[in-house]
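Got a structure for you, written out below as structure tokens; questions coming shortly.
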Protein chains: 2
Amino acid sequence: MVERKNGETRIQQKNARKIIDAATIEFSKEGFRGGTLDAISRRAGLSKPNLLYYFRNKHDLYQAALNHVLDIWLSPLGELDPAADPEEQLRGYIEKKMDLSRKHPAASRMFANEILKGANNAGPDLEAKLGELASKFNKVWCHWQSENKVAQVDGLHLIFMIWAMTQHYADFEAQIKMLTGKTIADKAFYETAKENIIHIIFDGIKNGHPPHCDGMAEDV
Amino acid sequence: MVERKNGETRIQQKNARKIIDAATIEFSKEGFRGGTLDAISRRAGLSKPNLLYYFRNKHDLYQAALNHVLDIWLSPLGELDPAADPEEQLRGYIEKKMDLSRKHPAASRMFANEILKGANNAGPDLEAKLGELASKFNKVWCHWQSENKVAQVDGLHLIFMIWAMTQHYADFEAQIKMLTGKTIADKAFYETAKENIIHIIFDGIKNGHPPHCDGMAEDV
DNA sequence: GTCTATAAGAGGATAGAC
DNA sequence: GTCTATCCTCTTATAGAC
């Protein structure tokens with residue numbers, strides 16, 4: 001009956017938070033089965049039974065960590081402004097997603113792992129949250145299309161591709177490090193990656209457009 | 001001393017193959033730690049000790065399955081022809097990668113899982129093979145750039161993005177199914193996904209280029 | 001709230017018959 | 001080559017003292 005907040009004392013909240021952070025790291029490295037309560041409790045700096053005082057079992061802890069990851073992951077979209085310039089709006093969105101991948105690579109990988117394995121532990125929350133994000137995006141996108149401000153690309157497929165590209169540098173970090181020696185923890189590398197993504201998404205990889213004057217629109 | 005081929009009898013090869021296929025599915029669903037010899041042997045239709053007659057332990061089996069996945073995964077690039085049309089060559093490459101994702105989603109997910117977890121079990125083979133692919137691609141890309149046939153996008157980052165986009169529909173299948181109700185097993189959905197990727201990569205998402213006539217190149 | 005000790009069970013690996 | 005039975009380790013979870 002001391003300092004409380006949502007029915008939990010401060011020390012409870014602090015410990016719960018430490019455990020969730022440790023769990024996120026361990027689960028992102030080894031998956032649900034590979035992450036052990038032993039390793040998590042050691043990383044969090046307390047004993048295994050004490051950890052189980054906060055979360056009644058491993059699965060509950062996994063879900064708590066996953067929900068925390070989802071909060072980080074699905075927040076920053078903010079709102080796309082349909083009245084504003086599409087290029088500026090989308091650039092902002094892409095930059096936010098890239099920042100997230102850079103600052104929370106473990107969260108990105110834990111999320112990716114959950115999806116990769118079939119998204120069986122995320123609960124209906126995930127579907128609801130993702131669905132709202134995707135449909136909001138699609139709605140704004142269709143609006144821009146109706147005003148002829150953007151290309152005739154399917155909005156859902158586009159958001160999938162933006163997610164794929166912006167999360168790739170965190171999720172496939174090992175491969176990228178193998179081939180370049182760098183990760184997006186490296187600021188210069190991060191900036192280059194970001195600008196390349198933005199260039200590809202907005203302009204594609206065809207040469208600088210001048211040879212386009214001889215004809216009509218593409219047949220693609 | 002009957003029918004042999006690389007020092008193995010036919011029945012040995014056939015069983016080894018059955019086991020590797022079963023292992024690929026199980027490991028792709030559950031990861032290394034989550035995939036059990038029990039489930040693999042059951043799926044392959046033999047007993048656990050019999051499985052261990054073919055592979056001395058779980059880790060050896062994992063590596064064998066992973067190597068098989070890599071063979072599938074890294075083969076189809078064939079060769080890009082620097083003398084040919086870039087758009088046609090890249091379209092062909094993208095289509096091959098998309099076909100792979102469609103036909104071997106479990107292989108895609110097992111590969112993705114291995115990278116996600118840090119690529120610690122793949123051995124130096126992976127680095128060598130991937131490095132060769134990436135540098136070959138980059139060399140041809142630079143050649144096209146020198147002839148001003150393609151945009152000034154970094155070749156390595158471009159191949160990362162192509163991989164990210166083409167593998168996304170297999171690796172994030174659960175999420176895509178959640179949001180669209182479909183997977184690329186659905187032929188029409190697959191074709192739409194493919195054409196959207198190709199459109200984005202070649203032309204980007206800006207509108208149909210006419211408003212470009214008023215000025216100079218982008219400041220991006 | 002936090003710990004030590006331990007129960008209970010899953011899963012990898014081996015022994016040895018056939 | 002393939003099986004049944006078994007060993008043993010690792011890991012989750014609980015009991016109960018402090």
Side-chain angles (χ1 to χ4, degrees), chain A residues 1-66 113 117 120-121, chain B residues 1-66 113 117 120-121:
Chain A
M1 312 292 179
V2 209
E3 328 93 3
R4 280 174 176 276
K5 200 171 161 185
N6 295 331
E8 288 178 345
T9 66
R10 263 188 216 156
I11 194 163
Q12 279 176 328
Q13 291 195 322
K14 197 179 156 199
N15 270 340
R17 177 56 192 272
K18 277 198 308 184
I19 293 169
I20 284 182
D21 286 345
T24 303
I25 294 175
E26 291 299 325
F27 286 136
S28 76
K29 284 200 302 185
E30 309 288 346
F32 176 69
R33 294 290 297 279
T36 66
L37 296 183
D38 222 332
I40 295 168
S41 59
R42 217 179 309 122
R43 181 179 291 275
L46 35 74
S47 70
K48 204 164 24 168
N50 197 11
L51 183 158
L52 287 165
Y53 170 80
Y54 288 93
F55 299 90
R56 69 182 81 255
N57 58 43
K58 186 183 181 181
H59 193 256
D60 274 15
L61 172 56
Y62 181 84
Q63 287 208 316
L66 186 61
N113 185 61
K117 304 296 163 55
N120 299 124
N121 301 297
Chain B
M1 311 292 180
V2 208
E3 328 90 4
R4 282 174 175 276
K5 200 172 162 187
N6 295 331
E8 288 177 346
T9 66
R10 260 187 219 156
I11 195 163
Q12 278 176 328
Q13 291 196 323
K14 196 180 158 198
N15 271 340
R17 177 57 191 273
K18 277 198 308 188
I19 294 168
I20 284 182
D21 287 346
T24 303
I25 293 174
E26 291 298 325
F27 286 136
S28 76
K29 284 201 300 187
E30 309 287 347
F32 175 69
R33 293 291 296 277
T36 66
L37 295 184
D38 224 331
I40 295 169
S41 59
R42 218 179 311 122
R43 182 179 291 275
L46 34 74
S47 69
K48 199 161 36 163
N50 197 12
L51 183 158
L52 287 165
Y53 170 79
Y54 288 93
F55 300 90
R56 67 182 82 255
N57 57 43
K58 187 184 182 182
H59 193 257
D60 274 16
L61 172 56
Y62 181 83
Q63 288 208 315
L66 186 61
N113 185 62
K117 303 296 163 56
N120 299 124
N121 301 297

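The chains referred to below are lettered A, B, ... by the order of the sequence lines, with proteins before strands, and numbering in each begins at 1.
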Legend entry - Difference in axis direction between the ends of the helix from C:dG1-D:dC18 to C:dC18-D:dG1, five pairs, 10°: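 Nearest ten degrees gives 0° for this helix.
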Inset, instruction - Could you grab the distance from atom CZ of A:Phe55 to atom CD1 of A:Ile19, nearest 0.5 Å is fine? - result: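 Going from CZ on A:Phe55 over to CD1 on A:Ile19, the span is 5.5 Å.
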Legend entry - Along DNA chain C, first and last positions that approach a heavy atom of chain A under 4.0 Å: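 Nucleotide range in contact with chain A: C:dG1 to C:dG11.
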Inset, instruction - Answer whether the closest heavy-atom distance between the side chains of A:Asn113 and B:Lys117 falls below 4.5 Å. - result: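 A:Asn113 vs B:Lys117: side chains touch.
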Inset, instruction - Residues of residues 37-59 of chain B with any non-hydrogen atom less than 4.0 angstrom from an atom of DNA chain D: list those, numerically ordered, please. - result: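 Heavy-atom cutoff 4.0 Å gives B:Leu46, B:Ser47, B:Pro49, B:Asn50, B:Tyr53, B:Tyr54.
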Legend entry - Taking every non-hydrogen atom, the tightest pair across B:Asp60 and B:Asn57: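 Scanning both residues completely, I find the closest heavy atoms to be N-OD1, 2.8 Å.
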Legend entry - Basic-acidic side-chain contact under 4.0 Å: B:Glu26, B:Arg43: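 Counted as a salt bridge, because a side-chain N and a carboxylate O are separated by less than 4.0 Å.
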Legend entry - Contact summary for A:Ala65 and A:Ala23, nearest pair of heavy atoms: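 Taking A:Ala65 first and A:Ala23 second, the nearest heavy atoms are CB-CB, 4.2 Å.
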Legend entry - Beyond-backbone contact of A:Phe27 with A:Ile40, side-chain heavy atoms, under 4.5 angstrom: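 Side chain of A:Phe27 against side chain of A:Ile40, heavy atoms only: contact under 4.5 Å found.
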Inset, instruction - List for me each residue that meets side chain to side chain donor-acceptor pair (under 3.5 Å) alongside A:Lys29, sequence neighbours excluded, and say none if there are none. - result: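 Applying side chain to side chain donor-acceptor pair (under 3.5 Å) to A:Lys29 gives none.
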Legend entry - From CG (B:Leu61) to CD1 (B:Ile20), nearest 0.5 Å: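 One gets 7.0 Å once the value is rounded to the nearest 0.5 Å.
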Legend entry - Inter-residue atom distance A:Arg33.CZ - B:Phe32.CZ, 0.5 Å rounding: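 One finds 12.0 Å between CZ of A:Arg33 and CZ of B:Phe32.
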Legend entry - Interface residues of residues 20-29 of chain B with DNA chain C (non-hydrogen, below 4.0 angstrom):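 Hits under 4.0 Å, by residue number: none.
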Legend entry - Value rounded to 0.5 Å, distance of CG in A:Leu52 from OG in A:Ser47: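 If we round to the nearest 0.5 Å, A:Leu52:CG and A:Ser47:OG are 8.5 Å apart.
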Legend entry - Partners meeting side-chain contact (heavy atoms from CB on, under 4.5 Å) with B:Lys48 (sequence neighbours left out):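 In terms of side-chain contact (heavy atoms from CB on, under 4.5 Å), with neighbours along the sequence ignored, B:Lys48 is linked to B:Leu37, B:Asp38, B:Ser41.
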Inset, instruction - Look at all strands and tell whether B:Gly34 reaches a base, only sugar-phosphate, or nothing, counting heavy atoms closer than 4.0 Å. - result: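 It contacts nothing in the nucleic acid.
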Legend entry - Shortest non-hydrogen contact from B:Asn121 toward B:Gln63: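 Where B:Asn121 meets B:Gln63 most closely, the heavy atoms are O-NE2, 2.7 Å.
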Legend entry - Any A:Arg33 side-chain nitrogen or oxygen under 4.0 Å from OP1 or OP2 of D:dT11: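 No, A:Arg33 has no side-chain N/O under 4.0 Å of OP1/OP2 on D:dT11.
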Legend entry - Rounded distance (nearest 0.5 Å) linking atom CD of B:Gln12 with atom OH of B:Tyr53: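 B:Gln12 atom CD to B:Tyr53 atom OH measures 5.0 Å (nearest 0.5 Å).
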